[in-house]
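Notes to accompany the following structure.
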Amino acid sequence: MESAILNAPPALAPAALPRLIDALVEQGWYVGEDVLDAALCQELHAELMARAEHDALVAAGIGRGEEHALRRDIRGDAIQWLDRESQAQRRYLAAMGELQQALNQALFLGLFEYEAHFAHYPPGAFYRRHLDSFRGRANRVVSTVGYLNPNWPADGGGEMVIFDAIDPAREVARVRPEAGHFACFLSETVPHEVLPTRLPRASIAGWFRRNASLGGLVDPAR
Ligand code: OGA
Ligand code: MN
């Protein structure tokens, strides 16, 4: 019921917003703990795990359109695009919509669209260092990752490592995929990777985009 949305605590902690915006401006990336509401993370985690158990996820590839290819040596997760089927998904997407507005107001980024997928990394899976968008292609501008795993152990692996945009050999942050943690970074310039996970690992990766037809470049359907 939509009224439940009104009664629920904010999906994204309001105190995180100004810090997120400052960090994006100053360093191009942001990482925070206890940013996503715990109950929401639990619901999203249950939804993703149920889909994983029923083989309802699709092996993730790299590249778009005709260049799309399965490369288990590069990434080993299985995904499901958010489709607004559940209340939890709608709550998450509403929070990202508010984040989009805040980013546009503060940074004039002209973000107009958000797309996101659940990602399930089985034990042993990883995602090698990459950028989420290639400069000059008018598409992904700001990346988000929400983490859903309750009580992730210190030796669970699966951290996301963020590297310096100018000196990509320099590690600048390491994010444990613990429920409530949230990361946000510039898609075109911030390299990152997911280290091999020891346990099933659940996250939601998402991207704010500019109008895909900007500059006459049409972004092919995924
Ligand atoms: C991605 C990605 C990071 C994560 O899907 O592009 O970098 O921690 N995900 O899940
Ligand atoms: Mn990425």
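In this text the structure is predicted, and so the values were computed from the model without any measurement. Atoms within each ligand, like the ligands themselves, are counted from 1 in listed order.
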Any donor and acceptor pair, going by atom type alone, linking the side chain of Arg129 with main-chain N or O of Pro168 inside 3.5 Å? yes
Closer than 4.0 angstrom, basic N to acidic O: yes or no for Arg201 and Asp77? no
Using a heavy-atom cut-off of under 4.0 Å, does the side chain or the backbone of His120 touch ligand 1, or both, or neither? neither
Could you tell me the residue and atom name of the protein heavy atom closest to atom 3 (C) of ligand 1, and the distance to it rounded to 0.1 Å? Val194 CG2, 3.5 Å
Just heavy atoms, cut-off under 4.0 Å: does Glu193 contact ligand 1 by side chain, backbone, both, or neither? neither
May I ask you to decide whether Glu113 forms a salt bridge with Arg209, counting only side-chain N to carboxylate O separations under 4.0 Å? yes
Donor on one side chain, acceptor on other, Gln89 and Arg84, under 3.5 Å: no
Counting only heavy atoms, which portion of Asp132 has something under 4.0 Å from ligand 1: side chain, backbone, both, or neither? side chain
Does Ser203 reach ligand 1 with a nitrogen or oxygen that is under 3.5 Å from one of the ligand's nitrogen or oxygen atoms? yes
Report yes if some heavy atom in the side chain of Ile204 is under 4.5 Å from a heavy atom in the side chain of Phe182; otherwise report no. no
Nearest 10°: the angle subtended at the Mn ion (ligand 2) by His130 NE2 and His192 NE2? 90°
For His192 and Phe163, I'd like to know if the aromatic rings sit close, meaning centre-to-centre distance below 6.0 Å. no
State whether a side-chain donor-acceptor pair under 3.5 Å links Tyr114 with Thr144. yes
Restricting to N, O or S, what is the name of the atom of Asp132 that lies nearest the Mn ion (ligand 2)? OD1
In terms of residue, atom name and distance, what is the protein heavy atom nearest to atom 1 (C) of ligand 1? Tyr127 CE1, 3.6 Å
Close-contact set for ligand 1 against Trp207 heavy atoms, below 4.0 Å: 6 (O)
Is a donor on one side and an acceptor on the other found under 3.5 Å between the side chain of Glu159 and the backbone of Val161? no
Between Tyr147 and ligand 1, is there a nitrogen or oxygen pair with a distance under 3.5 Å? yes
Provide the number and element of each atom of ligand 1 under 4.0 Å from a heavy atom of Val145. 4 (C), 8 (O), 10 (O)
Donor-acceptor pair, Ser133 side chain versus Glu188 backbone, under 3.5 Å? no
Using a 4.0 Å cut-off to any heavy atom of Met160, which atoms of ligand 1 qualify? 3 (C), 8 (O)
What protein heavy atom sits nearest atom 9 (N) of ligand 1, and how far away is it? Tyr121 OH, 4.0 Å
Heavy atom of Arg201, distance to ligand 1 below 4.0 Å: yes
For His192, take its heavy atoms, then give the atoms of ligand 1 lying under 4.0 Å from any of them. 7 (O)
Answer side chain, backbone, both or neither: which part of Phe185 comes under 4.0 Å from ligand 1, heavy atoms only. neither
Audit row: Val35, Tyr30, side chain to side chain contact (heavy atoms under 4.5 Å, CB included) steps and yes/no: CA-CA 11 Å; Val35 175; Tyr30 163 85; 3.4 Å; yes
Side chain to side chain, Leu186 and Trp29, heavy atoms closer than 4.5 Å: no
From the candidates His130, His117, Glu159, Arg129, the one that places a heavy atom nearest atom 6 (O) of ligand 1: His130
Can you report which non-hydrogen protein atom sits closest to atom 5 (O) of ligand 1, along with the distance? Ala205 CB, 3.5 Å
